[in-house]
Novice: 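Please find one structure pasted underneath; my questions will follow.
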Number of protein chains: 2
Amino acid sequence: MESVDGLPLDTILEGDCLEILPQLPSNAVDMVFADPPYNLQLQHALYRPNFTRVDAVDDHWDRFESLTAYDTFTRAWLSECRRVLKDTGTLWVIGTYHNIYRVGALLQELGFWILNDLVWIKTNPTPNFHGTRFTNAHETLIWAQKTKGAKYTFNYQAMKALNEDLQMRSDWYLPTCIGNERIRINGEKAHSTQKPEALLYRVVLASTQPGDIILDPFFGSGTTGAVAKKLHRHYLGIERDPRYVQIARARIQAITPAPLPAVEWVETRRRPRIPFGALLEAGLLQPGQPLYFRGGSPEAIILANGHLRCGELTGSIHTVARALLNNAPCNGWDLWYYRDETGNLYPLNNLRLRLSSAYFRPKNTD
Amino acid sequence: MESVDGLPLDTILEGDCLEILPQLPSNAVDMVFADPPYNLQLQHALYRPNFTRVDAVDDHWDRFESLTAYDTFTRAWLSECRRVLKDTGTLWVIGTYHNIYRVGALLQELGFWILNDLVWIKTNPTPNFHGTRFTNAHETLIWAQKTKGAKYTFNYQAMKALNEDLQMRSDWYLPTCIGNERIRINGEKAHSTQKPEALLYRVVLASTQPGDIILDPFFGSGTTGAVAKKLHRHYLGIERDPRYVQIARARIQAITPAPLPAVEWVETRRRPRIPFGALLEAGLLQPGQPLYFRGGSPEAIILANGHLRCGELTGSIHTVARALLNNAPCNGWDLWYYRDETGNLYPLNNLRLRLSSAYFRPKNTD
DNA sequence: GTACGGAGTGAATCCGCCA
DNA sequence: GTGGCGGATTCACTCCGTA
């Protein structure tokens, strides 16, 4: 196991984060991503209108006896995380209205300085079955730096490239973790609140550099570690449930990182002009994967921010294609081909069509 | 000026809300909408608490003092609003990450029970000019009831209708207040944070009924009053800046309310209940007639008192159905089928609909 | 193979009136 | 206040079986 200044790297420490965090050195990690218990407190069994019962979160780790108990717990892990963070470090926390106001208020009191809050808008949220409230369709992320005014990492150009060459906004549209990505054991979900990798992809790419150290004190099924490994960041997870630890270890073990240049070349050139990055976030393409111009050569490599690298050329699928065509106006979606698992070549546009319509913004925009 | 139990209605009280709120009666208003200031400097000057003098050079203490001053201010107006609210009342607060975590945490501590948080996603936000953070493209609204478990108004059907017959979600897409709606004086914005009427329209329609009383302790340019008047709700505004008071008065004066039926016919309440026995009384069903669970089996017999007998079970259409569904809450009207004279099976609800038209729209005299 | 329909499900503080 | 009981209430997506 790699280790830097007493900080173990790329591993999972099994145990309660309130016991393990105090053993970690100060000023050691670049970023913390925390997905703490939400303290949901659903009062009764919930049924859908078709009489099926909702498999709600009722895990023991999500139960607190009072608001005060939750605050005590929150203050403890937040202040330890602050100590462990480098002065230039930032903290991400995700939550819902059940807990995010507790967390947000406490982190301000501890000296964190909020840089943004972000809303993860779920394209496929659970409806409100009983018509009693608004459908809870989002979760909130707070992004804060350890100390007001310190330098911090924000990869503005990478975020812009990932977002159709427009500034990345505070509203993020992503589906919940379903389908093949959702880890299941004997058909049962392995973790009740597994986060989608697309969410962590954006978090990690926005606020860390390759080689940075990311701490996740509520590691769960290990999404943070999986994305960190893909993007050549170091991770350190803390998780107290040995079953989750085992699941996360196996998951991360199976990850093949993107080729290093695909990650390191990010930020070196200009931005693309098309939402190509969404295919990466969705996992339809991987950083480092080759693309073939007109289905043949030359070959290009996909970078982690949605740019291509082809020989000495770097840029969007359109920019590079245009250069290859002596500046003729062209559409990269039709000119670049990817190889699918069967070995056949198809134009990128196939993937764009496949990309769930869920990725695009809702239509009702009164 | 109209007035109910010492509460002036449809008017603006000029003065600081911390001075005026204590003069209002308790348990008097149905809803509060608050758009509080979050300018710490302003609050610091006006509401500085009587604490020991702190060293302004020390960043930590400076931060503590500002947060504390803001919290003191927030706790004061929130707790007064809670007193003035009816037990069945709800509170809305809008803010950004600068203040919403203070407000959210404090209102929970004061006993408010959060029902939802909502995000107003701006279709036209101000970009981040420095490229140092994500573009702030949203504001957060918290919707909370005065007391956990109390009855509250949520016009589910009205919200659903407003959203193309889909449940209204917690993400609201609305432009900022621009164009003709934006009040200008000599070309200058009359108020720096004028809220769009579309936002208040949704808030008011969701959580109040015609004739309800809405209190806005930070009235500003009077958007709350304008929408309340349009929708036949009463408003009471508090605003300390006489210029804003004047602007808001003129604005509301010019509003023409919607035609009353257009507001009253909005389906905000349940329809009167029709007991199953009424079908027997009306002769649409006969005692002894069989009913079929979900159109198949088991079969039940209608008793003369409107109960069903199904095997060893006896009870209402709901009770028996519930027992057959392992105690899942259910609606017997949709689960039991009757056979009509042609031999076809239909849910009981068909008969209820026939009856209800007869019940509520009696024929004119023959 | 493909098209289609039905079943399953997801971080959710999820009923309300009346006696 | 509380117990009893009538009855209102779901969206987007995936998976799987069948034609």
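Predicted, not measured: the structure shown is a model, and the values here were computed from it. Chain naming here is simple, since letters A, B, ... match the order of the sequence lines and numbering starts at 1 in each.
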Novice: How does DNA chain D look in dot-bracket notation if pairs are Watson-Crick or G-U with both distances under 3.5 Å, crossing ones as [ ], other-strand ones as |?
Specialist: .|||||....|||||||||
Novice: Check each of A/Phe219, A/Trp61, A/Phe218 against A/His191 using the ring pair (Phe, Tyr, Trp, His ring centres under 6.0 Å) test, and report the only one that passes.
Specialist: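 It is A/Trp61; the other options fail the test.
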Novice: How many whole angstroms separate atom CG of B/Asn155 from atom C1' of D/dA8?
Specialist: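 One finds 15 Å between C1' of D/dA8 and CG of B/Asn155, rounded.
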Novice: Closer to the 5' end of DNA chain C via nearest nucleotide, is it A/Asn128 or A/Ser192?
Specialist: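 Its nearest nucleotide lies further toward 5', so the answer is A/Ser192.
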Novice: Heavy atom of residues 50-61 of chain A under 4.0 Å from DNA chain C: which residues?
Specialist: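 Only A/Val54, A/Asp55, A/Ala56, A/Val57, A/Trp61 qualify.
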Novice: Would you call the rings of A/Phe73 and A/Phe64 parallel, tilted or perpendicular if under 30° counts as parallel and over 60° as perpendicular?
Specialist: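 Geometry flag for A/Phe64 against A/Phe73: tilted rings.
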Novice: Given B/Phe33, which of B/Leu141, B/Val93, B/Leu91 fulfils the side chain to side chain contact (heavy atoms under 4.5 Å, CB included) condition?
Specialist: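 Exactly one pass, corresponding to B/Leu141.
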Novice: How far, in whole Å, is C/dC14 from D/dC5 if one measures between their P atoms?
Specialist: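 24 Å, rounded to whole Å.
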Novice: OP1 or OP2 of D/dA8 sitting under 4.0 Å from any side-chain N/O of B/Asn331?
Specialist: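 Answer yes for this pair, as a side-chain N or O of B/Asn331 is under 4.0 Å from OP1 or OP2.
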Novice: Name all residues meeting the ring pair (Phe, Tyr, Trp, His ring centres under 6.0 Å) criterion together with B/Trp113; count only those two or more places apart in sequence or in a different chain, and write none if there are none.
Specialist: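 Not a single residue meets the ring pair (Phe, Tyr, Trp, His ring centres under 6.0 Å) criterion with B/Trp113.
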Novice: Closest nucleotide of DNA chain C for A/Arg48 versus for B/Phe112: which of these residues is on the 5' side?
Specialist: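 On the 5' side of the pair lies A/Arg48.
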Novice: Could you give the CE-to-P distance, from B/Met168 to D/dA12, as a whole number of Å?
Specialist: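 That distance rounds to 14 Å.
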Novice: Ignoring backbone atoms, establish whether B/Arg352 has a side-chain N or O less than 4.0 Å from OP1 or OP2 of D/dA8.
Specialist: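 B/Arg352 to D/dA8 OP1/OP2: side-chain N or O found under 4.0 Å.
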Novice: Please name all residues satisfying ring pair (Phe, Tyr, Trp, His ring centres under 6.0 Å) with B/Phe134, sequence neighbours left out, ordered by chain then number.
Specialist: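 So B/Phe134 forms a ring pair (Phe, Tyr, Trp, His ring centres under 6.0 Å) with A/Trp143, A/Phe154, A/Trp172.
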Novice: Expressed as a whole number of angstroms, how long is the span from A/Gln194:CD to C/dT9:P?
Specialist: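 In whole Å, C/dT9 P and A/Gln194 CD are 16 Å from each other.
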Novice: Step by step, would you call B/Trp336 with B/Phe293 a ring-ring contact (aromatic ring centres under 6.0 Å, His included)?
Specialist: CA-CA 5 Å; B/Trp336 292 104; B/Phe293 191 63; 5.1 Å; yes
Novice: Are the side chains of B/Arg82 and B/Thr147 in contact, using a 4.5 Å heavy-atom criterion?
Specialist: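 Sidechains of B/Arg82 and B/Thr147: in contact.
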Novice: How many Å lie between CG on B/Asn327 and P on D/dC5, as a whole number?
Specialist: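 Atom-to-atom, B/Asn327 to D/dC5, this comes out as 13 Å.
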Novice: Out of D/dG6, D/dC15, D/dC11, which nucleotide sits closest to the side chain of A/Asn180?
Specialist: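 Within the option list, the nearest is D/dC15.
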Novice: Any side-chain heavy atom of A/Pro36 within less than 4.5 Å of one from A/Thr74?
Specialist: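 They are not in contact (no side-chain heavy atoms under 4.5 Å apart), so the answer is no.
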Novice: Please tell me if B/Thr319 has a side-chain N or O lying less than 4.0 Å from either OP1 or OP2 of D/dG6.
Specialist: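 So the side chain of B/Thr319 is within the cut-off, an N or O lying under 4.0 Å from OP1 or OP2 of D/dG6.
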Novice: How close or far is atom P of D/dG1 from atom NZ of B/Lys151, stated in whole angstroms?
Specialist: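 Computing the B/Lys151:NZ to D/dG1:P distance gives 16 Å.
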Novice: When the P atoms of C/dA11 and D/dC15 are compared, how many Å lie between them, rounded to an integer?
Specialist: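 Looking at atom P only, D/dC15 and C/dA11 are 15 Å apart.
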Novice: CZ of B/Arg169 versus P of C/dC14: gap in Å, rounded?
Specialist: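 Roughly 20 Å, once rounded to whole Å.
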Novice: List for me each residue that meets side-chain contact (heavy atoms from CB on, under 4.5 Å) alongside A/Ile100, sequence neighbours excluded, and say none if there are none.
Specialist: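 A/Thr140, A/Ile142, B/Tyr101.
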Novice: Run the side chain to side chain donor-acceptor pair (under 3.5 Å) check on A/Thr176 and A/Arg182 step by step: do they pass?
Specialist: CA-CA 9 Å; A/Thr176 55; A/Arg182 188 90 194 200; over 6 Å; no
Novice: Quick one: which of D/dC11, D/dC13, C/dC14 gets closest to the side chain of A/Leu46?
Specialist: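 For the A/Leu46 side chain, the nearest candidate turns out to be C/dC14.
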Novice: Whether A/Lys189 contacts C/dG10 is assessed here as follows: a side-chain N or O lying under 4.0 Å from the phosphate OP1 or OP2. Is that the case?
Specialist: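 Result: yes.
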Novice: In whole Å, what is the span from the OH atom of A/Tyr47 to the P atom of C/dG8?
Specialist: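 Rounding to the nearest Å, OH of A/Tyr47 and P of C/dG8 are 15 Å apart.
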Novice: So how far is it from A/Arg75 CZ to A/Leu106 CG, rounded to the nearest 0.5 Å?
Specialist: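 Here the interatomic distance stands at 5.0 Å.
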Novice: Please work out which residues in residues 130-139 of chain A have a non-hydrogen atom less than 4.0 Å from an atom of DNA chain C and list them by number.
Specialist: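 Here the set is A/His130, A/Thr132, A/Arg133, A/Asn136, A/Glu139.
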Novice: If you compare every side-chain N and O of B/His318 against the phosphate oxygens of D/dG7 (OP1, OP2), does one of them come in below 4.0 Å?
Specialist: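 Indeed, a polar side-chain atom of B/His318 lies that close.
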Novice: Hey, are the side chains of B/Leu335 and B/Leu325 touching, using non-hydrogen atoms and a 4.5 Å cut-off?
Specialist: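 Heavy-atom side-chain distance check passes, below 4.5 Å.
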Novice: When the distance from CG of B/Leu308 to P of D/dG7 is rounded to whole Å, what number comes out?
Specialist: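 It works out to 13 Å between those atoms.
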Novice: Can you see if the side chain of B/Gln157 gets near the phosphate of D/dT9 - specifically, an N or O under 4.0 Å from OP1 or OP2?
Specialist: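 Result: yes.
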Novice: Any side-chain N or O of A/Lys122 less than 4.0 Å from the OP1 or OP2 oxygen of D/dC13?
Specialist: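 For A/Lys122, the contact criterion (side-chain N or O under 4.0 Å from OP1 or OP2 of D/dC13) is not met.
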Novice: Expressed in whole Å, how much space separates the C1' atoms belonging to D/dT10 and C/dG8?
Specialist: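 The answer is 13 Å between these two C1' atoms.
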Novice: Could you tell me whether the side chain of A/Arg133 and the main chain of B/Leu115 form a donor-acceptor pair under 3.5 Å?
Specialist: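 Judged by distance alone, yes, a pair lies under 3.5 Å.
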Novice: Starting at the 5' end of DNA chain D, which residue's closest nucleotide do you reach first, B/Phe276 or A/Pro127?
Specialist: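 In this pair, the answer is B/Phe276.
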Novice: According to a strict under-4.0 Å criterion, is A/Tyr173 in side-chain N/O contact with OP1 or OP2 of D/dA12?
Specialist: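 No, because none of the side-chain N or O atoms of A/Tyr173 sits under 4.0 Å from OP1 or OP2 of D/dA12.
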